[in-house]
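We count ligands from 1, going down the list as the structure has it; atoms in each ligand are counted the same way. Below, each value reflects all heavy atoms present in this structure, side chains not excepted, and no hydrogens, waters or symmetry copies. Residue indices begin at 1 and follow the sequence shown.
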Amino acid sequence: MPKLTVLGVGGCGCNTINQLSHANLPPSVELVSVNTDAQAMAATSSHARIQIGPQTTRGLGAGAKPDVGCAAAIESAQELSQQMQHADIVFLTAGLGGGTGTGALPQVARLAQELSKPVIAVVTMPFSFEGQHRKANAETGLQALLESANAVIVLPNDKLAEVLGTKVTLLNAFKESNKILQDVLFGLATTISQAGLINIDLNDFISVISRQGRAAMGVSNLKADDDLVSAVKRAMQHPLLDNIQLNQAQAAIVSVVAKDTIELSQYNQIGATVHEQLPKDALVIIGLTINPDLESELEIMVIATGIGFAQPEIQDPIPAVNDNYINVHNFIKRPALHVPEPLQTKYDVDNLQIPTYLRQQKPPTH
Ligand SMILES: Nc1nc2c(ncn2[C@@H]2O[C@H](COP(=O)(O)OP(=O)(O)OP(=O)(O)O)[C@@H](O)[C@H]2O)c(=O)[nH]1
């Protein structure tokens, strides 16, 4: 079974790993926490831990300096490479804007690239109220990452307030943002290892995710009397993702799970809707798995890759006051972000949930 290795780098990356470790992911997914901050990392639950840059940072974090994060990754390059060498696909995740994630993530992606591993990175951009300095750090880190990772999925933290409402707690908002990676991992791990009626194998995945650039990902399901075209579009436009131009995507992988009553016309419609959103010459791979016990009519997962670099958004939804105005950084520095209760959201949570067939799937036996 293909092995997916996920490295969460820095405070945000380790929060995500911690959350994933409670998510009952398939055994083919390996979770690794990577941090300069020894104390914060010790509180993260994962399969493996790598404290990077023990000489450079003495276990005390990178102090919001990306140069320090970068030096730490270089110092620990051997350990990082060893951890990734048996992976079939490498996932990287971090919050950009601080020191460790911003500086180390592009280095880790480069190491994975040297090992010829396909790399998907999922990163957050800081809230506007965290200030210009963090924002500029994050933009620089993102550019460096786009050069070394293949597919980069960007989640601007400002979208959390926009989509979830300003009353959502910070912990719940983070949980929702970290859940996107969880959905991707469930989708990928299960789809590649599952024999479908129309099969998607690891090589199909690699040919799609190897396209350099930004990426989009989403899942949705179709209930009785629902509109199929809207369900496909929902899977292609996750509300927490950065505004990206799907009409520039070079490739997409679409995994459809359906009851045995799926009609040929529905299958065609899914393909046609995905093609309509992408350039004419985009590579689209569609897999189909039949599951007679599915709760909904259909479940759709889409990953679109190779998207050109979108222009950064010009206006700040929340004006930055100064770098110390609200220090989210210190807030989230608390060890072991606990996993909060399910939250109420303004959008239709069902359409963003992990597909039922993935949730209900029993871990494969080796
Ligand atoms: N969505 C989300 N964003 C987070 C989370 N934790 C931190 N962030 C964001 O990520 C940015 C970077 O914070 P950290 O990950 O703590 O920083 P770091 O990479 O460890 O860097 P140093 O602490 O300077 O070594 C913050 O400015 C926040 O915008 C989280 O759990 N979820």
Undergrad: With a cut-off of 4.0 Å, which atoms of ligand 1 are near a heavy atom of Gly98?
TA: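 Those atoms are 12 (C), 21 (O), 24 (O).
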
Undergrad: Would you say Ala94 contacts ligand 1, with heavy atoms under 4.0 Å as the rule?
TA: no

Undergrad: I'd like to check which ligand 1 atoms, numbered from 1 as shown, lie under 4.0 Å from a non-hydrogen atom of Pro126.
TA: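 Once the distances to Pro126 are compared, the set is 29 (O).
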
Undergrad: Is Gln19 close to Lys179 at the side-chain level, that is, under 4.5 Å between some pair of heavy atoms?
TA: yes

Undergrad: Out of all atoms in ligand 1, which are within 4.0 Å of some heavy atom of Gly99? Include the element for each.
TA: 21 (O), 22 (P), 24 (O)

Undergrad: So, is Gly11 polar-close to ligand 1, with some N/O to N/O distance under 3.5 Å?
TA: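 Right, the criterion is met.
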
Undergrad: Quick check: closest heavy atoms across Ser33 and Thr44, and the distance to 0.1 Å?
TA: CB-CG2, 3.9 Å

Undergrad: Compute the shortest N/O to N/O distance between Cys12 and ligand 1 and return yes if it is under 3.5 Å, no if not.
TA: yes

Undergrad: Report yes if some N/O of Asn157 lies less than 3.5 Å from some N/O of ligand 1; otherwise report no.
TA: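 Yes; the residue has a nitrogen or oxygen that sits under 3.5 Å from a nitrogen or oxygen of the ligand.
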
Undergrad: Taking distance alone, no hydrogens or angles, what donor-acceptor pairs closer than 3.5 Å link side-chain atoms of residues 89-110 to residues at least two apart or in another chain?
TA:
residue: Thr93; atom: OG1; partner: Val122; partner atom: O; Å: 2.9
residue: Thr100; atom: OG1; partner: Thr36; partner atom: OG1; Å: 2.7
residue: Thr102; atom: OG1; partner: Gly97; partner atom: N; Å: 2.8
residue: Thr102; atom: OG1; partner: Gly98; partner atom: N; Å: 3.3
residue: Thr102; atom: OG1; partner: Gly98; partner atom: O; Å: 2.9

Undergrad: Could you tell me if the side chain of Arg214 sits less than 4.5 Å from the side chain of Gln245, heavy atoms only?
TA: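 No. Closest side-chain heavy atoms not under 4.5 Å.
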
Undergrad: Where's the contact between Asp37 and ligand 1, heavy-atom distance under 4.0 Å: side chain, backbone, both or neither?
TA: neither

Undergrad: Determine whether the side chain, the backbone, both or neither of Asn15 has a heavy atom under 4.0 Å from any heavy atom of ligand 1.
TA: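 Answer for Asn15: side chain.
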
Undergrad: Ligand 1 versus Glu130, non-hydrogen atoms closer than 4.0 Å: side chain, backbone, both, neither?
TA: side chain

Undergrad: Counting only heavy atoms closer than 4.0 Å, does ligand 1 sit against the backbone of Ser177, its side chain, both, or neither?
TA: side chain

Undergrad: Taking all non-hydrogen atoms of both residues, which atom of Ile290 and which atom of Lys259 are closest, and how far apart?
TA: CD1-O, 4.0 Å

Undergrad: Give the minimum heavy-atom separation between Ser28 and Pro2, together with the two atoms involved.
TA: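 Heavy atoms only, the tightest pair is CB-O, 3.3 Å.
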
Undergrad: Looking at Asn35 and Gly11, what are the two nearest heavy atoms and their distance?
TA: ND2-N, 3.8 Å

Undergrad: Taking distance alone, with no angle check, do Phe127 and ligand 1 share an N/O pair under 3.5 Å?
TA: no

Undergrad: Under the side-chain hydrogen bond (donor to acceptor under 3.5 Å, both in side chains) rule, what pairs show up with a residue in residues 52-69, not counting sequence neighbours?
TA: Thr56-Glu75

Undergrad: Closest approach of Leu222 and Gln266, non-hydrogen atoms and distance?
TA: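 In terms of heavy atoms, the two residues are closest at CD2-NE2, 4.5 Å.
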
Undergrad: Give the numbers and elements of all ligand 1 atoms closer than 4.0 Å to a heavy atom of Ala62.
TA: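 What qualifies from ligand 1 is 25 (O).
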
Undergrad: What is the minimum heavy-atom distance between Ala112 and Val119, and which atoms define it?
TA: CB-CG2, 3.5 Å

Undergrad: If you measure from atom 11 (C) of ligand 1 to every heavy atom of Thr57, Thr124, Leu96, which option wins on shortest distance?
TA: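 It is Leu96 that holds the nearest heavy atom.
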
Undergrad: Can you figure out which of Gly101, Ala138, Gly53, Gly10 has its heavy atom closest to atom 19 (O) of ligand 1?
TA: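 The option holding the nearest heavy atom is Gly101.
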
